[in-house]
Every structure is written in structure tokens, then in C-alpha cells.
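Encoded as C-alpha cells, the structure appears first; notes follow it.
All ligand and atom numbering here is 1-based and tracks the order in the structure.
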Amino acid sequence: AGGASTSASGLRKRQKKIAVLTSGGDSAGMNAAVRAVVRQSIARGCQAFIIREGWEGLVRGNSTEITPAATPFRSPSGPHSPSLEATKSVSFSSLPPTQQLKLESAAAAADAEEHEANTVPHAVNYTDPNWIAPLSDAPLSFGYGELLKDGAGEGDIDELAAHGGAGLVMADQKDQAGRSLKGKYIVRVGWDDVRGWLGEGGTLIGSSRCPSFRTREGRLQAANNLIDFGIDCLAVCGGDGSLTGADKLRGEWPGLVQELHNDGKISDQQAEAYRHLNIVGLVGSIDNDMSMTDLTIGALTALHRICEAIDSISSTASSHSRAFVIEVMGRHCGWLALLAGIATGADFVFIPESPPKTEDWESEMCDLLKSHRLVGKRKSIVIVAEGALDRNLKPIKPDYVKKILVDRLGLDTRVTTLGHTQRGGKPCAFDRILPTLQGVQAVQALLDATPETPSYMIGIVENKITQVPLLEAVAQTQAVAEAIESKHFDKAMSYRDSEFREMLQAFQISSSLTAHDHVPENKRLRIGIIHVGAPAGGMNAATRQAVRFCHNRGHTPLAIYNGFEGLLDDNVSELSWLRVDTWTTRGGSELGTNRVLPSTDIGQVAAAFQRHGLDALLVIGGFEAFHSVLTLEQNRSNYPSFNIPMIHLPATISNNVPLTDFSLGSDTSLNALVDACDAIKQSASASRNRVFVVETQGGMSGYIATLGALAVGAVLVYTPEEGISLKLLQEDVEFLRERYELDVKGKSEGRLVIKSEKSSTIYNTETLTKILKEEGKDLFDARSASLGHTLQGGVPSPLDRTRAARLALRCMQFLEEHGTPHAQTSRGKRAASPSTATMIAIRGSKIVYATMDDVLKDTDMKLRRGKDVWWGDIKRLAEVMGGRTGLIASS
Ligand code: ATP
């Protein structure tokens with residue numbers, strides 16, 4: 001065990017050095033990944049390095065020598081290192097011996113860990129204490145990393161430009177402490193160097209394309225630099241090209257080390273100590289084009305940008321009854337185009353993996369758009385992926401599509417190419433959370449690595465962070481492109497994850513208006529759709545998908561307006577195809593919703609079911625929706641009209657529905673929280689030493705607070721699950737004081753504390769804020785802000801819209817499978833098994849249909865939430881990322 005960190009002669013284990021770089025095209029969330037790798041490395045007792053400008057920086061290394069003694073590195077004050085003045089900068093090597101020892105023992109503990117072979121694919125268990133906990137009680141070293149003296153001069157920049165990397169070195173770029181970074185590519189970083197990085201778009205450490213890394217010579221130089229710096233663990237965030245390069249480096253490593261040794265560039269000891277290189281890949285790519293992971297870092301933010309643009313275009317398109325052809329990114333992958341199509345309710349999408357069904361796609365498209373116009377649609381939106389092809393591999397270009405629409409349909413058509421706007425901007429909530437979780441796992445994978453284990457790629461499947469062999473993922477990704485090139489489109493689709501395939505199906509169903517998919521007459525159902533509880537983003541998108549499914553299959557979609565109250569008033573009517581057309585983008589609840597349960601008048605509810613001839617029921621909503629289906633199921637023996645298939649689709653911003661990892665609306669809500677907190681943090685930072693206590697909604701569920709804290713980089717989070725005790729408060733105050741004491745004078749920042757409104761009745765937001773204000777004394781001030789109903793969000797997030805479409809499709813397929821039309825059953829004879837009253841739930845990496853019994857087992861009816869929540873340990877992780885480690889262990 002320990003691999004490279006143990007020399008054969010049994011020398012004392014050295015502190016691990018972990019470096020991170022970003023490569024290839026930039027994507028939102030890369031900074032969050034770097035931050036997580038850096039902080040988790042430090043939290044686990046390792047040294048953290050960043051490599052600027054991707055592989056280019058690694059090949060170039062640093063042009064001037066760095067003397068560790070001149071490296072300022074501040075250590076924490078307090079009980080662990082009482083001799084140090086809090087605000088003084090000291091070199092790492094001048095830390096008191098006890099402190100150095102503690103850090104080294106942490107590294108030794110890391111090395112001493114048993115390196116068990118990973119099962120593949122390996123899903124991460126959030127509750128694994130090793131995953132989050134620091135390796136020892138060593139205190140965190142806050143502060144900045146290396147002070148870099150000016151290195152290379154202007155000539156160096158010119159040289160780089162000539163090398164194909166124009167603009168690689170920013171002459172005036174400075175790090176967060178205002179120090180020049182000129183000419184330095186491999187930089188040791190401290191905890192505070194990555195402060196505030198969560199909300200920044202692109203990559204702050206730079207990225208580039210590096211032709212020289214494609215050559216063995218370049219990789220030899222890279223290996224030399226890594227060994228010079230004593231780095232044997234490398235986290236690479238980039239696309240498939242960057243990760244291929246990473247695997248190549250690892251594969252060649254023994255040979256490269258041998259060559260360096262033979263050439264006398266490294267010592268015997270170095271050759272021995274660096275026999276192995278550990279590499280882990282994080283996928284940063286806006287196209288979401290990597291196989292074996294559902295999502296890549298940055299893809300969802302790109303989808304946000306696209307949806308914002310198309311939402312804006314839609315209103316003008318509708319006003320003038322125009323058609324718009326919109327080109328989005330995606331050379332080999334249609335994910336962005338497809339999901340944008342679903343999220344914005346587009347009419348037609350062109351993607352590389354699944355070309356139009358017929359060779360005469362022009363007619364196929366025109367027929368479809370014409371059918372939409374004939375039922376009264378005023379706008380037409382066609383989305384074209386950059387790499388869209390027809391069945392003969394001929395590129396489909398927006399201008400040609402426009403020409404067809406003008407010539408054949410006479411539509412006033414415009415082309416919009418979204419271009420680089422898709423890359424940029426602030427990462428959405430998920431692109432802060434995902435890279436943070438993955439960055440933490442990347443460090444874990446590096447610490448676990450042995451010479452025998454393959455390099456891993458960190459991915460995500462549904463809600464599980466996974467790690468899969470990097471090469472396998474890259475190979476499968478490349479196989480998609482190859483399958484397309486050889487016109488094996490079904491094969492290309494089969495290499496895409498199941499979510500992608502379901503999304504395509506959802507889109508096809510929602511945009512089609514033809515009758516050829518109708519089920520036989522005697523199978524056609526009257527399907528009720530009802531919203532119950534508080535509104536949540538995605539409810540309308542789910543309803544739209546359900547209605548479109550009904551039209552596609554010949555069923556009758558019946559809207560039940562205003563919940564069960566409306567049902568009792570016979571506020572029920574059929575929904576047309578066109579009526580729901582714009583519902584994907586609408587927040588709130590178009591059907592109207594309230595908290596009235598069927599138990600209000602169960603007999604009358606049963607009678608209404610009978611009156612309206614309901615054959616199946618889709619219930620969209622939060623905890624009350626689950627309660628409603630449960631009540632209906634429990635009353636089946638008394639009321640035969642409840643003997644129909646029913647399914648609950650969870651939708652609530654609190655995410656408090658038991659059993660499911662996610663409810664619709666929770667992503668919209670997280671994004672609303674992130675937007676609000678970014679603004680608050682700006683204000684907090686402007687006033688320097690200010691702590692903002694931000695109160696969130698969420699009932700008895702701490703989901704929004706916890707994931708929100710992770711997404712905005714809050715230092716503390718209070719949840720109803722954990723509550724607040726006097727002891728905890730005392731420790732938190734102590735932590736905040738320590739943290740502010742450690743800030744470099746004049747560089748203090750605002751900090752956020754996220755508090756669920758129901759985390760304590762005694763220590764409410766006002767009291768908590770007063771306590772912090774009082775105890776902060778001259779170190780920090782405290783203010784509060786309550787986000788209230790703003791958390792319901794305005795326009796639903798793309799994730800909620802697309803998730804709504806996919807889950808609603810699954811719900812409708814379930815109802816269709818289990819439903820029997822009224823006419824086929826004699827009155828009172830209808831029977832139903834408990835398995836036909838269900839909830840659709842995202843469980844780890846799977847989507848399941850849970851019976852009411854299953855859900856009940858996981859439910860705390862009094863607290864109205866699940867008994868077990870997956871984000872419980874994320875609270876600790878969020879706080880560790882905020883720097884609160886040692887004290888947590890003792891609480
Ligand atoms: P994007 O998804 O934005 O295209 P990417 O990582 O695939 O990202 P590439 O330009 O393919 O982007 O690769 C980035 C860098 O990774 C290259 O400039 C090169 O330095 C390195 N790289 C790519 N492919 C290889 C390879 N086969 N061998 C060695 N290095 C490679």
C-alpha cells in the first residue's frame with residue numbers, strides 16, 4: 001500500500017502532493033472542481049498544487065526555481081499552534097514542529113490506509129465517514145499558497161504565442177492575494193487561494209490546447225516537472241481528449257521515469273520514489289459528450305444559457321408568428337440540443353446520434369411543423385446541434401433548414417447561432433454541487449490508488465457519484481463517434497446512457513401530433529391529472545408531457561383544476577394539445593393547487609372519480625400528494641372507483657417526499673437560493689467582516705439549506721434534522737472567530753451561514769444573528785436575510801423541466817400499462833393490487849416505482865419527511881469545504 005509514497009528502503013512516508021489542472025474547452029464548474037480538489041487535499045493532510053494553462057503548464061513547468069523556505073504559508077492559530085500570531089504569514093517549513101508533524105501524520109495515515117481494489121463501476125456512498133472526514137485531527141492550514149516572484153519576462157509570452165498558445169501567460173495576472181503569477185505554471189496553493197471560486201465561470205487556472213503534450217517528448221518534460229515538484233497525484237478536469245492524454249501519461253510513466261533517470265535528470269531516489277503516477281479524471285465539458293456518466297461539469301450551465309436564450313426568442317417568435325432555427329453546440333453529441341428542445345418545447349431537433357427517420361427529412365420536418373401550425377401554433381422553433389447529420393452523414397446546417405422553411409412553408413424564418421454565450425457565465429447550482437462532490441471523490445480516488453488500480457473517471461449516474469475506469473469511458477465515448485461515422489445510429493444511441501434515450505423518446509412524443517402511435521380503442525384511458533400541495537417548478541412541464549403522451553397514444557387527458565377541492569366542484573375538463581404548449585417554461589401551477597386532501601370528503605371524491613370516468617390518475621405534488629395517493633389506496637376496499645392505477649410524481653421545493661432523492665422544483669429552488677446568496681455575499685463582502693445568516697424555507701427538511709450551503713460556499717449550515725444546541729453554537733462562534741482572526745488584514749470577506757427556518761424554535765434566525773453579532777465583537781458583524789417564497793423560483797430550471805418530462809413519461813407509461821378502460825369493466829368489478837398505487841422515485845442510480853407500503857416504511861409522518869435522507873452527510877461536507885473540520889469531529 002502507499003505506492004509511490006513508500007520508498008523501497010523504507011524511508012519515512014512523505015506528505016502527498018496533489019495537483020489539479022483544467023484542460024481543453026473551458027466549462028462552468030471547473031473552478032468548483034479545482035476548489036474542491038484543493039480544499040479536500042488540504043483537509044486530508046496533503047499539499048495542493050494547481051497547474052495553470054492545462055497540459056501546457058505542466059510541460060512548461062516553472063521557469064525559476066522555487067525555494068520552499070521563501071514560501072509563505074499561514075497556519076491556523078488557536079489551540080493547535082498557540083505560538084503563531086494569527087495574522088502573521090510564515091513559511092510552511094517554519095511551522096512549529098508539532099504542526100508539521102501533525103500534517104505529516106495525516107499524510108502517513110492516508111498512506112497507511114488499506115487500498116482495497118475498487119469494484120467497477122463503483123458508486124460512492126455518501127455516508128462513508130472516510131469520504132468526508134479529515135484523516136486526522138490535524139488542524140486545517142488556512143491561508144494562501146506560494147508567493148511567486150516575477151518569473152519569466154515578456155519574451156516568455158512571445159515564445160508561448162509562437163508555440164501556439166497565444167495569451168497563455170497573462171502578464172498582469174495576479175492571484176487572490178495580489179501576487180504576480182507571471183511565468184509560473186505549477187503553483188502550490190493554500191485554502192484561501194480558492195476562496196470565492198464556486199460562483200466563477202470558466203476556469204481561473206486557465207486552460208489551453210497543448211500540441212506538445214501529444215508528443216512523447218512533451219510528456220517526458222511533463223513527467224520531469226511533476227517529479228521536480230514531488231507530485232505523484234494528478235486530477236485532470238477536461239474533455240475526452242484531455243483525459244486520453246492523462247491516461248497516456250500514466251501508461252507511459254514507468255518508461256518516462258526510466259528515461260529521465262538514464263539521462264541523469266532525476267536522482268536514484270526520485271526514480272524509486274516516483275515509480276507510479278496516480279491520475280483521476282473529472283469530466284469538464286459543456287457538450288455532455290462523455291459516456292458512462294449522466295452529466296459532465298458545465299453541461300447544465302450551458303443548458304441554462306441556451307434555455308434563457310430560447311425562452312427570450314420564443315416570445316418574439318410568437319408575437320410575429322415566426323420560425324426560428326437555433327444552432328447550439330455539440331459536435332458529436334446532441335445532448336444540449338435535445339434537452340433544450342424538451343425544456344423549451346421546441347418543434348424539431350437535429351442531433352448527430354439520431355438523424356431524422358427518413359432520407360427526405362425536409363418533408364418530415366415540414367409535415368410536422370405544418371401540423372403544429374394547423375392546430376393554431378403561432379411559432380416554430382427548430383434546434384440544430386452543431387454536428388447534426390442526416391442519415392447519409394451529410395451535415396444539416398441552420399441556413400439550409402431556414403431555406404426549406406421559407407420555400408416550402410412560407411414561414412418568416414430567422415437563424416440564431418448561440419455560439420460562445422453557451423460556454424460562459426455563472427455556474428448554475430448543480431454545476432457547483434456536482435464538481436464539489438466529484439472533486440472530493442477525486443481526492444479519495446487518488447488516495448486510494450495503487451499501482452494495480454486503473455485510472456478512474458469520476459462520473460454521476462442519477463444521484464450517485466461513480467468512478468469508472470477512465471480508459472473504458474473514453475473508449476465508449478469514441479465508439480459513439482465511430483458508430484455515427486459508420487451510420488450505425490442505433491448503436492450510437494445504445495452507447496448513450498438510458499437517460500439520454502428516454503429524453504429522446506420524451507421529446508418525440510411531446511412534439512408529435514400524428515395518430516400513428518394510438519393504442520387500440522379498447523385500451524384508451526381517461527387519465528386524470530391533478531396538482532396537490534404547494535406549487536413547484538416543473539409541475540407544468542410534467543403536465544404538458546402527460547397531456548402530450550395522452551394525445552400521442554389516444555388517451556383522454558383530464559385536467560382536475562384546483563386540487564381535490566376542484567374535483568369536488570367538478571372543475572374537470574379535457575386538455576388540448578395546444579393548450580399545454582407553453583407550459584414547459586411556466587412556473588407555479590397552471591392547474592391550480594392547494595393542500596386539501598381527499599380525506600376531506602372521501603365519499604364525494606369517490607363519486608367524482610366515478611362521474612368523470614377516471615381510469616387512471618397522475619398526482620403531481622409534494623408530501624400532500626403522497627398522502628393523497630396513500631389515502632385513496634387505503635380506501636380502495638370501500639370505494640371501487642379508487643381501484644385504478646395511480647401514481648405520484650414528487651414535486652416540491654422542500655424535497656421532503658420520502659424515498660425519492662429528488663422532487664421536481666428542488667433544482668429551481670436551489671438556483672433561486674444560489675442567485676440570492678451570490679447577491680447577498682457580494683454585499684457581505686463589500687462590508688468586509690460581515691456574516692450573513694440566510695434563512696431558507698423547506699419545512700422539516702434541510703435539503704435546500706444543505707445543498708444550498710454546498711453550492712454557495714457557506715461556512716455553516718443549520719438544518720431541522722440536526723437542530724441547534726448551545727454547544728454547537730458555541731463551537732460555531734469559536735470557529736468563526738478563529739476564521740476571521742486568520743484572515744489577512746484588510747482582506748476579510750463576508751461569510752454566509754445558511755439556516756433552515758425550522759432548524760430550531762428557540763435559536764431562530766433573529767436570535768442566532770444577535771448571538772453572532774454579540775460574539776463577533778470587533779472581528780465580525782452579523783446580519784440576516786430571509787429568502788421566503790422567492791425560493792419557489794420564477795421560471796423553472798432546465799433540469800426541473802427536463803426531469804419533469806422524463807419522469808412524467810415514465811408515469812404515463814406505468815398508468816397505460818396498468819389501466820383498464822371503464823367500458824371494459826363492469827361497475828364495481830374493477831380490482832387493483834397495491835402495486836398499482838405507486839410513487840415514482842429516484843433512488844441512488846435508479847428510478848423505481850415504489851408502492852405506498854414502501855414509501856410508508858421510509859416515512860416520518862409526524863415530521864413529514866423521509867426517515868433517512870441522503871444529504872445528511874453533505875452538511876458536514878459543506879462545512880468541511882467552508883473550513884470547519886476539527887471542531888466538528890469533537891462535537
Ligand atoms: P473539449 O471537450 O472541449 O474538446 P477536450 O479535452 O476533448 O475538451 P482536446 O482539444 O481534445 O479537448 O484536448 C485537450 C488537450 O489534451 C490537447 O490539447 C492535448 O494537449 C491533450 N490531448 C488530447 N488528446 C490527446 C492524446 N491522444 N494524447 C495526448 N494528449 C492529448
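If you check which protein heavy atom lies closest to atom 23 (C) of ligand 1, you get Gly241 O, 3.0 Å. From the protein, the heavy atom lying nearest to atom 29 (C) of ligand 1 is Gly245 CA, 3.5 Å. For atom 3 (O) of ligand 1, the closest non-hydrogen atom of the protein is Gly25 N, 2.9 Å. Nearest protein heavy-atom neighbour of atom 21 (C) of ligand 1: Trp55 CD1, 3.6 Å. Nearest to atom 18 (O) of ligand 1 among the protein's heavy atoms is Cys210 N, 2.6 Å.
Proximity of Thr344 to Ile383: side-chain heavy atoms (C-beta onward) are separated by under 4.5 Å at one or more points. Within the 4.5 Å cutoff, the side chain of Lys487 has heavy atoms near those of the Leu393 side chain. No side-chain heavy atom of Val194 sits under 4.5 Å from any side-chain heavy atom of Ile50. Side-chain atoms of Val440 and Met881, non-hydrogen and from C-beta on, do get closer than 4.5 Å to each other. At a threshold of 4.5 Å between non-hydrogen side-chain atoms, the residues His332 and Asp287 do not count as touching.
Residue Leu243 has no N or O atom closer than 3.5 Å to an N or O atom of ligand 1. Ligand 1 has no N or O atom lying under 3.5 Å from any N or O atom of Gly24, backbone or side chain. Taking any N or O of Asp240, backbone or side chain, at least one lies under 3.5 Å from an N or O belonging to ligand 1. At a 3.5 angstrom cut-off on N or O pairs, Gly238 does not count as close to ligand 1.
Within ligand 1, the atoms closer than 4.0 Å to a non-hydrogen atom of Ser23 are 14 (C), 15 (C), 16 (O), numbered from 1 in the order shown. Against a heavy-atom cut-off of under 4.0 Å, Arg219 is close to the following atoms of ligand 1: 29 (C). For ligand 1, the atoms lying closer than 4.0 Å to a non-hydrogen atom of Gly239 are 2 (O), 5 (P), 6 (O), 7 (O), 8 (O). The ligand atoms of ligand 1 that sit less than 4.0 angstrom from a heavy atom of Arg331 are 4 (O).
For Arg209, heavy-atom contacts with ligand 1 shorter than 4.0 Å involve the backbone as well as the side chain. Contact annotation for His332 and ligand 1: no heavy atom of the residue comes within less than 4.0 Å of the ligand. Contact annotation for Phe213 and ligand 1: heavy atoms of both the backbone and the side chain come within less than 4.0 Å of the ligand. Here Thr244 has side-chain heavy atoms under 4.0 Å from ligand 1, and that is the only part of it that gets that close.
Ion pairing of Asp675 with Lys426 is present here, as a side-chain N (NZ or NE/NH1/NH2) and a carboxylate O approach within less than 4.0 Å.
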Report task. Would you check, one step at a time, whether the test side chain to side chain donor-acceptor pair (under 3.5 Å) holds for Asp800 with Thr668? Result -> CA-CA 7 Å; Asp800 273 332; Thr668 302; 2.5 Å; yes
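Partner of Val38 under the side-chain contact (heavy atoms from CB on, under 4.5 Å) criterion, chosen from Ile18, Val20, Val443: Val20. Of the candidates Thr296, Asp289, Ile351, Leu295, Trp335 forms a side-chain contact (heavy atoms from CB on, under 4.5 Å) with just one, namely Leu295.
When the heavy-atom distances from atom 28 (N) of ligand 1 to Met290, Glu56, Lys248 are ranked, the shortest goes to Lys248. Residue nearest to atom 14 (C) of ligand 1, selected from Cys237, Ser27, Gly54, Ser242: Ser242 (by heavy-atom distance).
Checked against side chain to side chain donor-acceptor pair (under 3.5 Å), Glu502 has the following partners two or more places apart in sequence or in another chain: Arg806, Arg810.
Between the CG atom of Leu220 and the CG atom of Leu260 there is a distance of 4.5 Å, given to the nearest 0.5 Å.
Classified by interplanar angle (parallel below 30°, tilted 30° to 60°, perpendicular above 60°), the ring pair Trp55/Phe213 is parallel.
Residue contacts with ligand 1 leave out Met329, since none of its heavy atoms falls under 4.0 Å from the ligand.
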